[in-house]
Amino acid sequence: MLEKIKDNLYLLPKQGKMQVDGYVIAHSKLIPALYNDESLKQLQNAASIPGVYRAVYGMPDLHEGFGLPIGGVMATVLPEGVISAGAVGMDINCGVRLLTTPFAARELSRERLRKLVSAIERYVPAGVGKKNREKEVRKLLPQVLVHGVRALLEEGYGIEEDLAKIEEGGVMPGADLKALSETALSRGAEGLGTLGGGNHFIELQEVVEIREKQLAERYGLYPGQLCVMVHTGSRGLGHQVCTEYTEILYRAGPKYRVNVPAKGLAAVPFSSPEGKQYYQAMVAVANFAYANRQLITYYLRLVFKEQLGDGKLDLVYDLAHNIAKIEVHDERTVLVHRKGATRALPAGHRANLPAFKETGHPVLIPGSMGTKSYVLRATPQITLTFNSLNHGAGRSMSRKASIKNITVSDLKQALGEILLNEKPEAVLDEAPQAYKDIDLVIETVTGAGLAEVVAILKPLAVIKGKD
DNA sequence: ATGTCC
């Protein structure tokens with residue numbers, strides 16, 4: 001089905017109802033796994049959606065999802081093209097934030113590290129169904145949905161400098177609370193400031209390698225530095241909104257003569273009332289997720305102050321990897337749906353935040369639990385994928401299969417000296433054996449000429465939430 | 001990913 005064009009680049013040729021070609025960025029060793037799940041079929045489905053533009057793309061961490069595969073990028077021409085809730089994903093604005101600390105990793109004894117982990121667990125509720133305990137936080141929900149991180153700054157949960165390092169400045173315009181159901185609002189109030197479960201985590205990491213010294217320094221990264229990476233999203237709120245709107249869009253589709261190949265790709269024209277309403281809801285939820293990572297940062301700063309006497313944690317960057325954005329490509333306005341894909345703007349791109357205009361922004365790519373994380377920078381060739389890169393390693397095994405096939409000792413061996421807050425048996429589905437090889441995935445995007453490695457971090461301790 | 005099927 002895939003035709004090799006050159007190393008790390010494959011064509012999924014237009015056939016059947018596909019309106020455009022597909023392209024998959026993948027190392028040859030990553031190809032066989034793509035035939036073991038529905039991801040290529042899902043990419044073909046995406047290529048048949050009304051108003052799809054130029055081509056659909058699969059990142060090297062591609063795997064089966066709901067509707068659009070994880071690691072999928074699909075753009076639609078505006079205003080006549082469609083918007084799809086399933087192509088954004090359940091966890092709207094799931095994303096990653098990287099923080100530097102004023103400490104060197106080697107300054108921390110194992111005992112100190114252990115105490116740090118317990119303190120983080122005390123401050124940040126982690127695990128499926130975990131709720132925040134503070135009335136004052138729940139009260140912030142309406143402002144957070146409309147004003148994003150800015151609303152938190154006004155209440156003292158952050159500093160002005162934080163905004164300069166968050167994608168979109170921590171707020172997307174166009175949110176409307178009326179687009180959210182009572183259930184969604186209630187789940188949002190409970191979920192604000194919580195980590196969640198699944199692949200979400202807080203990691204204490206050490207910068208172990210710098211590949212681009214000047215760029216790393218511009219990003220605030222130095223060898224040996226202790227860093228904190230936060231991976232979470234919009235919790236039950238995003239799930240609720242995706243579920244509700246998939247149903248709404250699925251029912252409304254025929255009214256606009258939009259027929260979709262799978263319910264997960266339910267879509268309506270962007271300019272339709274339902275389309276506009278989903279976009280207003282998605283933006284509100286995206287603002288919530290940026291704020292969620294900000295609130296967790298506030299807790300982390302308290303923890304560092306309490307445990308180590310200095311809570312000066314500075315943002316390297318905060319980015320979304322499940323979202324749809326209005327962008328200009330080939331001088332056309334399109335809606336780029338990225339699901340498990342990171343926007344990656346090269347040097348000089350005008351959509352960069354002022355802090356990164358000259359250099360291009362850091363692209364934060366976590367590995368799987370216990371493996372390295374990468375900071376990349378996109379090259380000018382990134383226009384190939386609508387300025388998109390992968391979002392992580394990508395699953396190679398379903399959660400169910402992982403629990404069945406991976407043993408506690410497999411996971412313990414993979415973790416080695418790395419501290420884990422949870423019992424290994426509680427997070428077997430997150431074992432690195434359930435994921436693709438992050439080094440190979442990164443080699444793919446660098447080999448394809450889409451990005452270069454700036455810095456590499458390795459985990460010292462992992463905080464996970466239980467399912 | 002998710003109050004993992006109100």
Side-chain angles (χ1 to χ4, degrees), chain A residues 37-39 42 59 61-72 84-96 125-133 138 141 180-202 230-247 263-265 281-282 285-286 288-290 292-293 296 319-324 337-342 366 368-369 390-404 422 425-431 434-435 463-467:
Chain A
D37 70 13
E38 294 294 308
S39 51
Q42 291 180 327
M59 299 296 115
D61 52 348
L62 193 73
H63 61 99
E64 187 178 328
F66 165 69
L68 191 67
I70 319 288
S84 165
V88 168
M90 289 285 186
D91 191 2
I92 297 164
N93 190 2
C94 185
V96 189
V128 170
K130 279 281 165 25
K131 301 171 182 179
N132 66 53
R133 298 167 282 245
R138 296 184 180 204
L141 183 71
L180 301 173
S181 69
E182 284 303 318
T183 312
L185 290 170
S186 140
R187 294 185 76 176
E190 293 168 349
L192 190 56
T194 66
L195 184 66
N199 63 4
H200 292 165
F201 65 77
I202 295 171
V230 181
H231 178 209
T232 186
S234 49
R235 312 285 289 101
L237 168 62
H239 191 272
Q240 188 68 31
V241 167
C242 181
T243 309
E244 288 175 10
Y245 274 95
T246 290
E247 197 61 44
K263 189 168 184 179
L265 278 171
M282 184 207 74
V285 177
F288 172 96
Y290 285 126
N292 193 31
R293 293 190 286 275
I296 289 173
L319 56 80
H321 55 222
N322 272 10
I323 201 156
H337 300 72
R338 294 189 183 85
K339 181 175 178 180
T342 305
S368 51
M369 180 168 62
N390 59 300
H391 83 309
R395 294 200 80 86
S396 60
M397 211 187 275
S398 71
R399 294 196 180 277
K400 215 171 165 182
S402 313
I403 292 163
K404 195 176 157 196
E422 277 296 345
E425 49 267 44
V427 290
L428 281 178
D429 54 342
E430 285 299 315
Y435 281 82
I463 292 103
K464 296 287 286 184
K466 255 196 302 218
D467 288 4

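Bear in mind that the values here come from a model prediction, so they are computed numbers and not experimental data. Protein chains get the first letters and strands the later ones, always in sequence-line order, with residue 1 at the start of each.
- If you check every strand for non-hydrogen atoms under 4.0 Å, Gly65(A) touches nothing.
- Arg235(A) places its CZ atom 12 Å from the P atom of dT4(B), with the value rounded to the nearest Å.
- In this structure, the CZ atom of Phe288(A) is 11 Å from the P atom of dT2(B), given to the nearest Å.
- Distance, Ile92(A) CD1 to dT2(B) C1': 12 Å, rounded to whole Å.
- Protein atom NZ of Lys130(A) is 12 Å distant from nucleotide atom P of dT2(B), rounded to whole Å.
- Thr342(A) and His391(A) get closest at one heavy-atom pair: OG1-CA, 3.5 Å.
- Per the geometry, CD belonging to Glu430(A) stands 14 Å off C1' belonging to dT4(B), to the nearest Å.
- At the heavy-atom level, Thr183(A) lies under 4.0 Å from base atoms of the strands shown.
- For the pair Asp61(A)/Ile70(A), no side-chain contact is recorded, criterion being any heavy-atom separation below 4.5 Å from C-beta on.
- Regarding contacts with the backbone of dT4(B), every side-chain N or O of His239(A) stays at 4.0 angstrom or more from both OP1 and OP2.
- Distance CG (Asn93(A)) to C1' (dT2(B)): 16 Å, rounded to an integer number of Å.
- Here Arg399(A) does not reach the OP1 or OP2 of dT4(B): none of its side-chain N or O atoms lies under 4.0 Å away.
- Every residue two or more places apart in sequence or in another chain that forms a side chain to side chain donor-acceptor pair (under 3.5 Å) with Glu244(A) is listed here: Ser181(A), Gln240(A).
- Taking atom CZ of Phe66(A) as the reference point, atom P of dT4(B) lies 16 Å away to the nearest angstrom.
- One interatomic measurement links the two molecules: OH of Tyr245(A) to P of dT2(B), which rounds to 21 Å at whole-angstrom precision.
- With sequence neighbours left out, His231(A) forms a side chain to side chain contact (heavy atoms under 4.5 Å, CB included) with Cys94(A), Val96(A), Asn199(A), His200(A), Phe201(A), His321(A).
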